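Taking it in order: structure first as structure tokens, then the write-up.
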Amino acid sequence: MIAAAAVLPLFFSCKNEIIITADNSGGYTIDACSLNLGNALKETIQQITDYSGQDIEESFFSEKEIARTCTDKNFTDRFISCTSYSLVVKVSPEILQQTYFSLTDEEKNYMDLLMAPSLTGEVMLPEEYRDLVASVYGEELAEEMWDAKVILNVGCPAGKKIKKALSSRHEISHSEKRASFEIPLVYLLSMQSTAEYSIYW
């Protein structure tokens with residue numbers, strides 16, 4: 001269950017970058033997953049759990065463990081689909097909720113700390129969700145979350161060139177080989193509908 005448990009710190013990290021590359025067989029690889037747990041998040045974890053200091057680095061809050069999890073196909077196949085001419089990353093409340101319901105009770109307790117509308121099904125604007133986090137955990141963590149981004153760096157197979165890159169909602173930049181999608185973290189935590197990020201070659 002550790003793969004699903006990684007969602008909590010992944011969601012509250014200051015900056016995440018997930019690098020995905022399609023291959024010529026219709027599959028994909030996760031080349032890297034880097035993230036930076038913010039200071040406010042680390043302090044909050046210490047306050048509400050038994051983890052402190054070095055203990056965090058040995059738990060499922062560990063940046064190393066999360067990076068390992070993000071390269072596990074059993075986890076990533078929930079969100080990524082690939083064909084001979086396209087790669088699509090799909091995120092929806094339904095997928096996030098399915099991930100949540102696959103957790104152990106202990107892991108669900110940690111996820112519940114997020115109070116995330118995308119998990120609870122509650123309709124809430126991103127600004128309203130930010131204010132909720134501020135009222136419970138303080139302004140520092142709320143600001144950290146508000147400023148956080150998830151970067152999807154997606155590449156086409158060797159020998160191919162990207163013909164188009166599409167995002168249903170967020171900013172795209174791309175070259176012939178790679179596209180980068182910058183997604184505000186607060187959007188993922190309060191999303192009410194499906195978002196897709198795709199490249200075609």
Side-chain angles (χ1 to χ4, degrees), residues 3-4 6-41 62-96 99 114 116 118 126-127 129-130 143-201:
V7 174
L8 174 60
L10 184 64
F11 271 167
F12 261 144
S13 298
C14 288
K15 183 178 181 181
N16 306 300
E17 183 173 22
I18 303 172
I19 302 174
I20 309 165
T21 303
D23 60 40
N24 282 302
S25 67
Y28 69 91
T29 58
I30 306 294
D31 300 310
C33 177
S34 60
L35 66 159
N36 174 28
L37 298 182
N39 291 331
L41 173 62
S62 159
E63 294 176 20
K64 182 190 299 183
E65 182 61 32
I66 298 161
R68 184 193 67 76
T69 293
C70 288
T71 60
D72 182 345
K73 289 289 186 70
N74 290 327
F75 179 68
T76 59
D77 279 351
R78 301 174 189 221
F79 304 93
I80 303 170
S81 60
C82 198
T83 71
S84 60
Y85 59 86
S86 68
L87 187 150
V88 179
V89 179
K90 178 180 177 180
V91 187
S92 69
E94 291 76 19
I95 294 172
L96 295 176
T99 301
L114 289 168
S118 57
E127 294 82 1
Y129 176 55
R130 180 237 175 264
E143 281 301 304
E144 202 170 83
M145 179 197 68
W146 185 260
D147 293 337
K149 309 289 184 186
V150 176
I151 309 297
L152 292 178
N153 185 322
V154 184
C156 64
K160 307 293 185 181
K161 294 181 180 180
I162 295 176
K163 294 180 179 178
K164 61 181 176 179
L166 301 175
S167 167
S168 54
R169 297 183 182 276
H170 299 107
E171 183 177 342
I172 311 170
S173 60
H174 77 88
S175 62
E176 290 183 341
K177 289 295 185 181
R178 306 203 68 86
S180 181
F181 304 90
E182 185 172 297
I183 309 166
L185 177 61
V186 70
Y187 167 77
L188 294 175
L189 292 169
S190 60
M191 70 188 310
Q192 303 296 324
S193 60
T194 300
E196 291 190 357
Y197 309 91
S198 56
I199 58 171
Y200 297 83
W201 55 85

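Values in this document were obtained by computation on a predicted structure and should not be read as measured data.
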Taking all atoms of both residues into account, what is the closest heavy-atom pair of [X] and [Y], and its distance?
X    : Y    : result
Y187 : A195 : OH-CB, 3.5 Å
N153 : R178 : OD1-NE, 2.5 Å
W201 : T83  : CZ2-O, 3.6 Å
L188 : V150 : CD1-CG2, 3.9 Å
V154 : L87  : CG1-CD2, 3.6 Å
F181 : L166 : CE2-O, 3.4 Å

For a 4.5 angstrom cut-off between non-hydrogen side-chain atoms, does S180 reach H174?
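Side-chain contact under 4.5 Å: no.
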Hey, does the Lys NZ or Arg CZ of K163 hover above the aromatic six-ring of Y200, less than 6.0 Å from the centre and inside 45° of the axis?
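No, cation not above the ring by the 6.0 Å, 45° rule.
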Donor-acceptor contact present, side-chain [X] to main-chain [Y], <3.5 Å:
X    : Y    : answer
S118 : M191 : no
T29  : D31  : no
Q192 : S190 : yes
W146 : P184 : no
R78  : I95  : no

Do NZ/NE/NH1/NH2 and the carboxylate oxygens of K149 and E17 come within less than 4.0 Å?
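The answer is no: the pair does not qualify as a salt bridge.
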For the NZ atom on K90, are there more than 12 heavy atoms of other groups (residues, nucleotides or ligands in this structure) within a distance under 6.0 Å?
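It does not: K90 NZ has 12 such atoms or fewer within range.
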Does I30 form a side-chain contact (heavy atoms from CB on, under 4.5 Å) with I80? I'd like the steps, not just the answer.
CA-CA 10 Å; I30 306 294; I80 303 170; 3.8 Å; yes
